[in-house]
Amino acid sequence: MAIYLEIFFGVTAVIVALYYYFTAHFTFWIERGVPGPKPVPVFGNVMRHMLGLQSITEFAVEMRKKYKGEPLVGVFTMRKPTLMIQDPELIKHVFIKDFTTFADRGAFLHEIPEPLSAHLFSLESKRWRPLRTQLSPVFTSGKLRGTFFLILKCAEHLETYLDTLVKKGEPIESRELAAKFTTDVIGSCAFGIEMNSLSDRESEFRQVGREIFATHFLALLKLRMKECVPKLYDWLGYIIPYDYVTRFITKVTIETMDYRQKNNIVRPDFMNTLLELRKHPEKVPEIELTDTLLAAQAFVFFAAGFETSSTTISHALYELALNPDIQNKLRQEIVEFNSRNDGNWKYEVLKEMEYLDKVFNETLRKYPPLHFLTRVATDNYTFSGTKVSIPKGTELFISTFAIQRDPEIYPDPEKFDPERFDVAAKKARHPMHFLPFGDGPRNCIGARFAVYQTKIGLIKILLNTKVEVCEKTPIPYELHRFSFILSPTKPLYLKFTKVEN
């Protein structure tokens, strides 16, 4: 009998200890007077997300509706307190005014199992600052003007490839079409490599790009481990070999730098900047500038550069197919500027195209590729105008998607309306209510590049081609619940036909 009592009390003690472990922090937001949903043990407030029943974006929209008007909402990611910021002035403080306290993104850095995660997007502020300073000149207007011809050359290949697809008379998967184009652009502008993705032959870089944002079982398993047991995930990095993407990008980056250095090759691209850093590590004395760290910067330029722009192009085409009047108006502007410039597209010309800019921004409004932004407090902090104080290490969450689909900010938010971005409408809105590239010192370093890559891609597609919905077009649009970059559940098939101008 005594042994059974010992087992009973032992099991009870374990259950109580686990319960305490998973609920000990659940008074965190109550103590600070921050409203929020009641958490449950183990999962906190993200049980439906963890079980694949709800995307994190859908959760953010739900919270914004439920706590309408609340500047701050306290939730729990499992047992970890996370603060959702909804007030635009507080967002401005986090991104700009008090940036030094929120310079870290947190949560994305796992250097042991994923050495390529040590890139500009994920790095802690100590290494981020000097690297950002060295890499920023690559994305200035002057540098982009110098590489615009490379983007244009890829866009001309896109035009030719699209012609061959249109002749087949079959629906075209717009996301894959756009991804092949942007993969070629990044290959040319970052690596100085002709990737030849715009053909029926599968490019290895396109395979790698597809794997980076894959949502198969192994990718989801890794994601859940990073969310639930990050320390275990890091420890496994000591015994599990690097994946295909890590090996490929590292090999290509190092081989390209070695070849250029040996043959004194200078090219106006991102790889040349990395090579200069490799030659002159004294420019960043705060950092151990390894080849792997340099490869990580090439990786993020490749990954973010092709995926965010390709999803934006495909989402724009999807909406233009659903809204033929808007498509016709945009094509008229494209034809007019094409004629005005004798078919010679230049960097400066795109800046003059007002309606294209409106369509581009409305696409980013409705489909922000990075649909949430995160920060971590690097010191104790009290939010301006409130009594809410948070300790060092607290994670912050800003849902760009929920903000940009808020009907009080953008009436009838499901409607695709480029006129939301005329001059008067933009001035009437708080600048923190449109954040497709983030804001402040840690905004997207490649924003200018993304803008021009996307716009020239749309120009070359729409100049002589009309897009329409077809029987394979997914209507209504459904968000993918596991994708890091905002994307649809089903392929975006559209009908493409030639038009005479």
Side-chain angles (χ1 to χ4, degrees), residues 20-49 56-108 124-125 227 230 368 370-406 408-409 429-435 438-443:
Y20 177 79
Y21 174 79
F22 284 112
T23 62
H25 298 293
F26 282 1
T27 59
F28 188 91
W29 296 122
I30 295 174
E31 292 167 357
R32 288 164 174 76
V34 178
K38 185 178 179 180
V40 299
V42 181
F43 294 102
N45 299 115
V46 294
M47 182 170 70
R48 296 187 68 202
H49 167 62
I56 199 68
T57 296
E58 291 167 326
F59 172 71
V61 170
E62 181 185 300
M63 291 298 100
R64 191 170 182 87
K65 288 179 180 177
K66 186 174 181 179
Y67 297 94
K68 180 181 175 182
E70 293 289 350
L72 302 166
V73 179
V75 299
F76 291 87
T77 307
M78 302 178 70
R79 62 190 296 268
K80 182 169 55 181
T82 302
L83 187 61
M84 299 182 69
I85 307 181
Q86 303 196 126
D87 180 80
E89 278 301 312
L90 296 184
I91 294 173
K92 187 175 181 179
H93 275 272
V94 170
F95 284 162
I96 303 170
K97 293 183 178 180
D98 297 320
F99 171 74
T100 53
T101 305
F102 300 102
D104 287 0
R105 294 187 190 275
F108 302 106
E124 77 291 340
S125 57
E227 291 175 335
L370 195 59
H371 45 98
F372 65 92
L373 302 165
T374 62
R375 293 292 188 271
V376 173
T378 57
D379 204 347
N380 298 338
Y381 181 82
T382 300
F383 285 92
S384 176
T386 78
K387 295 181 180 180
V388 178
S389 295
I390 56 174
K392 177 181 178 180
T394 304
E395 293 192 358
L396 311 183
F397 180 94
I398 298 100
S399 173
T400 54
F401 185 95
I403 292 170
Q404 295 173 190
R405 294 282 187 110
D406 189 327
E408 293 195 357
I409 302 170
R429 285 191 299 270
H430 195 289
M432 296 298 111
H433 282 157
F434 184 61
L435 295 165
D439 210 324
R442 199 147 190 179
N443 67 343

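None of these values were measured; they are calculated from a predicted model.
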Quiz item: Phe28 ring centre to Arg32 NZ or CZ under 6.0 Å, with the angle to the axis within 45°?
Solution: yes

Hey, does the side chain of [X] reach the backbone of [Y] with a donor-acceptor pair shorter than 3.5 angstrom?
X      : Y      : value
Thr374 : Leu396 : no
Asp104 : Gly106 : no
Asn45  : Phe76  : yes
Glu70  : Gln86  : no
Arg64  : Ser399 : no
Trp29  : Val73  : no

Tell me, do [X] and [Y] make a side-chain contact under 4.5 Å, heavy atoms counted?
X      : Y      : answer
Met84  : Phe372 : no
Leu83  : Phe383 : yes
His430 : Glu89  : yes
Arg48  : Glu58  : no
Thr82  : Val46  : no
Ile56  : His371 : yes

Kindly give the heavy-atom pair with the smallest separation between [X] and [Y], and that separation in Å.
X      : Y      : result
Ile91  : Met432 : CG2-SD, 3.9 Å
Pro391 : Ala377 : O-CB, 4.1 Å
Arg375 : Phe102 : CD-O, 3.0 Å
Lys392 : Asn380 : N-OD1, 2.8 Å
Thr394 : Pro81  : CG2-O, 4.4 Å
Leu90  : Pro71  : CD1-CB, 3.9 Å

Self-check item: Listed partners of Leu370 passing side chain to side chain contact (heavy atoms under 4.5 Å, CB included), at least two apart
Solution: Phe121, Leu373, Phe484

Self-check item: For Lys38, all residues meeting side-chain hydrogen bond (donor to acceptor under 3.5 Å, both in side chains), sequence neighbours excluded
Solution: none

Quiz item: Using a distance-only test with no angle check, is there a side-chain donor-acceptor pair under 3.5 angstrom linking Glu31 and Thr27?
Solution: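 The criterion, which ignores hydrogens and geometry beyond distance, is satisfied for Thr27 and Glu31.
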
Working to the nearest 0.5 Å, report the span between [atom1] of [X] and [atom2] of [Y].
X      : Y      : atom1 : atom2 : result
Arg442 : Arg105 : CZ    : CZ    : 5.0 Å
Lys92  : Asp439 : NZ    : CG    : 9.0 Å
Leu72  : Thr386 : CG    : OG1   : 6.0 Å

Let me have the donor-acceptor pairs involving side chains of residues 93-101, under 3.5 Å, with sequence neighbours excluded, atom names and distances please.
unit_1 : atom_1 : unit_2 : atom_2 : d
His93  : ND1    : Asp98  : OD2    : 3.2
Asp98  : OD2    : Tyr381 : OH     : 2.5

